[in-house]
Amino acid sequence: MTTPDLFAPEPDEAALMAQLRQTLHEHAHRYYVLDAPTIPDAEYDRMFRQLQALEARHPELITPDSPTQRVGGKVLDQFAQVRHALPMLSIRTETDTQASGAENFDARIRRELGLTDVDPALEYVAEPKFDGLAMSLRFEHGVLVQAATRGDGEVGEDVTQNSRTIGQIPLSLPAGVPTVLEVRGEVYMRRDDFEALNDKQRSLGQKTFVNPRNAAAGAVRQLDPAIAARRPLSFFAYGVGEVTPPDAGGPVWQTHFDLLQTLKSWGFPVSSLVKIVHGAAELVAYYESIGQQRDGLGFDIDGVVYKVNSLSLQSQLGFVTREPRWAVAHKFPAQEMLTTVLAIDVQVGRTGKLTPVAKLAPVFVGGVTVTNATLHNEDEARRKDVRVGDTVIVRRAGDVIPEVVSVLLDKRVDDPAIFTMPRHCPVCGSAAVREEGEADYRCTGGLFCSAQRKQAILHFAQRRAVEVEGLGDKLVDQMVDAGIINTLPDLYRLGFTALANLARMAEKSAQNILDALEKSKQTTLPRFLFGLGIRHVGEATAKALARHFGKLDPIMDASEEELLAVADVGPIVAKSIRTFFDQAHNREVVEQLRACGVNWLEGEPAPVAAQPLSGQTFVLTGTLPTLGREEAKALIEAAGGKVAGSVSKKTSYVVAGAEAGSKLDRAQELGVAVVDEAGLKELLDGGA
DNA sequence: TTACCTCGAGCTCA
DNA sequence: CTCGAGGTAA
């Protein structure tokens, strides 16, 4: 034998380390997930320190799944982007927040599956909808390698380091798990942990969090994992993403419930409130039962989720665009609170639209402090009859936008004046008029109105338009108020001194703005078009116009008829574009911007794509053998056709499926051509 | 719409 | 220390 290398680990040290890791994993699972520790904390700490000591001596033996690695991460300077192997889809929300809303889901599923009343009740899994943030955990060969936020569903942020600090997330899985396993679930904060955290924050003189969800979201977004580790987070698994079985064999699970049970056996926390239920009545009962338990749960939920249990039925049901047809989120009714109306302000938008906004005494509703609620327009304000001084019920509708539900009339005092929209713009004093058939009043001041000028500049400078980095609303306010900017081209004529004279604008900031302006000159036609702020021309239309014409001048000179030839441009949009470029001052702005050096690469007009169905109108009736209604509609529209709701002389074809109704009779009366699904497919292929 | 985190930079006071 | 901008999330 040669002289032993003094620094090599003894064989039994390596084994001891492996064994410590294993034991610590087991106890961590009992402690964090099962909430039933079997050894004293001190004993756990002793083993943990022993492993730490061994790892300090043999850093090469540290494994990424070692319990000591939960807090070892380094401070990041930003989160990396991660593309999800399988997109993280969103779940459709049932709009009816009565318990009976659950029946809609059951009815929809039965209809999609072609079941009748005599067929037996369907099996569902019902689970609470946790109020936290969605997370996807990727395990390869049983080791946690990546954790990502949901992002836009396709691409999220890599928050692996922070996820490792969450005790309930296993770092390694038992042998025999799939080689690739993505577990999806919700990171959240328990209410008691949230309270304790806020107590601690208070005692440290640091700011407290408004609600558990925001505290959890904040923790996950920490660049320093050491801070994240001090925020007590929890996790519930509710599904999977990519799964590659070791043997690459057939389906791993038959039902969603099996899947959850397996995840549980592998060490993931799965809610004990997850239940198998049958048929509409049990869905309703589940919703009611969870609603009653809600306050006592120890964590926040905002509803329940129903899923079809059978995975084969799930795949049979498939997806509508990005949402699975086999699941639905059923939220509890939005929380409502009483507050008073302090004032009704009128805001002026970019297009001059006047919007009444109720200024409210601050109330805490559904986790946030609400102080504003839009009243949309005069009719809406009158319909609700909101007046200054009124006591009103507010809620957060559809999750986010605060809404005045109603006025408590018996609490009204002094008979305040009915709200009327001012006939003059509150900012510039120009006449405000309401066109025939329109709901909105508009300030007629145009660019004379400083509010509209500000909005126009902000719109032009935003990221999705020409992007002037660092130019936000406060700065635009200052510049317009100081009179150093009036029109868009003025932006590019700004001098350093004029800028540097503004508040909080010293040399460095002024130079940054000038650099950003210089950079923004090189842009693209769609961005520029969008940035002009032509009514009804959003990003999509700007792109379509740019693609169709290739250059700006032909767009400025196009007749309404020529504009109508652009995909998705109808008479209203065409007229709006024409009106915009008919105004001399708008053309002047464009010329001056070009003269200031704003430029883009112009292209060639795109040949009008051969659209096999353009100009033709279809009406769908009955159930088609393979295509869903939405799918058929999308296919027809993609081929340039239109789908109408009822049959008339102008209808080109009626597409009839099984159990076609009166529309088929009407087609025959009018002599409209009738085709089946196969016939439709031929038409779709026809010109392609 | 509100809340959170992060960054760069200006302001304020020692 | 404070502010504004910019990003993310629900």
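What's counted below: heavy atoms across the whole structure, side chains too, no hydrogens, waters or symmetry copies. Below, chain A is the first sequence line, B the second, and so on; all start at residue 1.
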Check: Tell me the side chain to side chain donor-acceptor pair (under 3.5 Å) pairs involving residues 192-204 of chain A, sequence neighbours left out?
Finding: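 Found A:R190-A:D192, A:D199-A:R202.
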
Item checked: Sequence neighbours excluded, every pair satisfying side chain to side chain donor-acceptor pair (under 3.5 Å) that has a member inside residues 333-349 of chain A ->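 Matches after skipping sequence neighbours: A:E336-A:R395.
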
Rounded to whole Å, how long is the line connecting atom [atom1] of [X] with atom [atom2] of [N]?
X: A:D224; N: B:dT6; atom1: CG; atom2: P; answer: 9 Å
X: A:R221; N: B:dC4; atom1: CZ; atom2: P; answer: 14 Å
X: A:L133; N: C:dT8; atom1: CG; atom2: P; answer: 14 Å
X: A:I91; N: C:dA10; atom1: CD1; atom2: P; answer: 13 Å
X: A:F79; N: B:dT6; atom1: CZ; atom2: C1'; answer: 10 Å
X: A:I401; N: C:dA10; atom1: CD1; atom2: C1'; answer: 11 Å
X: A:D131; N: C:dA9; atom1: CG; atom2: P; answer: 15 Å
X: A:R396; N: B:dT1; atom1: CZ; atom2: P; answer: 12 Å

Before accepting this row, confirm whether a basic side-chain N of the pair [X]/[Y] lies closer than 4.0 Å to the acidic partner's carboxylate O.
X: A:D390; Y: A:R387; answer: no
X: A:K454; Y: A:D477; answer: yes
X: A:R191; Y: A:D300; answer: yes

Checklist line | Short side-chain N/O contact from A:T149 to OP1 or OP2 of C:dT8, under 4.0 Å | finding: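 The answer is no; no side-chain N or O of A:T149 sits under 4.0 Å from OP1 or OP2.
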
Check: If you find the nucleotide of DNA chain B closest to A:A215 and the one closest to A:T374, which residue's nucleotide is nearer the 5' end?
Finding: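 It is A:T374, whose closest nucleotide lies nearer the 5' terminus.
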
Notebook entry, point to check: Starting at the 5' end of DNA chain B, which residue's closest nucleotide do you reach first, A:T371 or A:R231?
Noted result: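 Of the two residues, A:T371 wins.
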
Next item on the list: Mind listing the residues from residues 457-487 of chain A sitting with a heavy atom below 4.0 Å of DNA chain B? Number order is fine.
Entry: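 Those residues whose heavy atoms fall under 4.0 Å from DNA chain B, taken from residues 457-487 of chain A, amount to none.
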
Using a heavy-atom cut-off of 4.0 Å across all strands, would you classify [X] as base, sugar-phosphate, or nothing?
X: A:A134; result: sugar-phosphate
X: A:N372; result: sugar-phosphate
X: A:R395; result: nothing
X: A:G367; result: nothing
X: A:K207; result: sugar-phosphate

Indicate the atoms forming the closest heavy-atom contact of [X] with [Y], along with that distance.
X: A:F332; Y: A:I290; value: CZ-CG2, 3.8 Å
X: A:V386; Y: A:F419; value: O-CB, 3.9 Å
X: A:I457; Y: A:V476; value: CG2-CG2, 4.1 Å

Next item on the list: Do nucleotides 7-14 of chain B as a string where each nucleotide becomes B, S or -: B if the base has a protein heavy atom under 4.0 Å, S if just the sugar-phosphate does, - if no protein is that close.
Entry: S-BBS---

With a 3.5 Å cut-off and sequence neighbours excluded, list the donor-acceptor pairs that the side chains of residues 228-239 of chain A form with protein atoms.
none

Next item on the list: List for me each residue that meets side-chain contact (heavy atoms from CB on, under 4.5 Å) alongside A:P64, sequence neighbours excluded, and say none if there are none.
Entry: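 Per chain and number, A:P64 pairs via side-chain contact (heavy atoms from CB on, under 4.5 Å) with A:V143.
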
Notebook entry, point to check: Of the candidate nucleotides B:dA3, C:dA10, B:dT1, which contains the atom at the shortest distance from the side chain of A:P402?
Noted result: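 Taking heavy atoms from C-beta onward, the closest nucleotide is B:dT1.
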
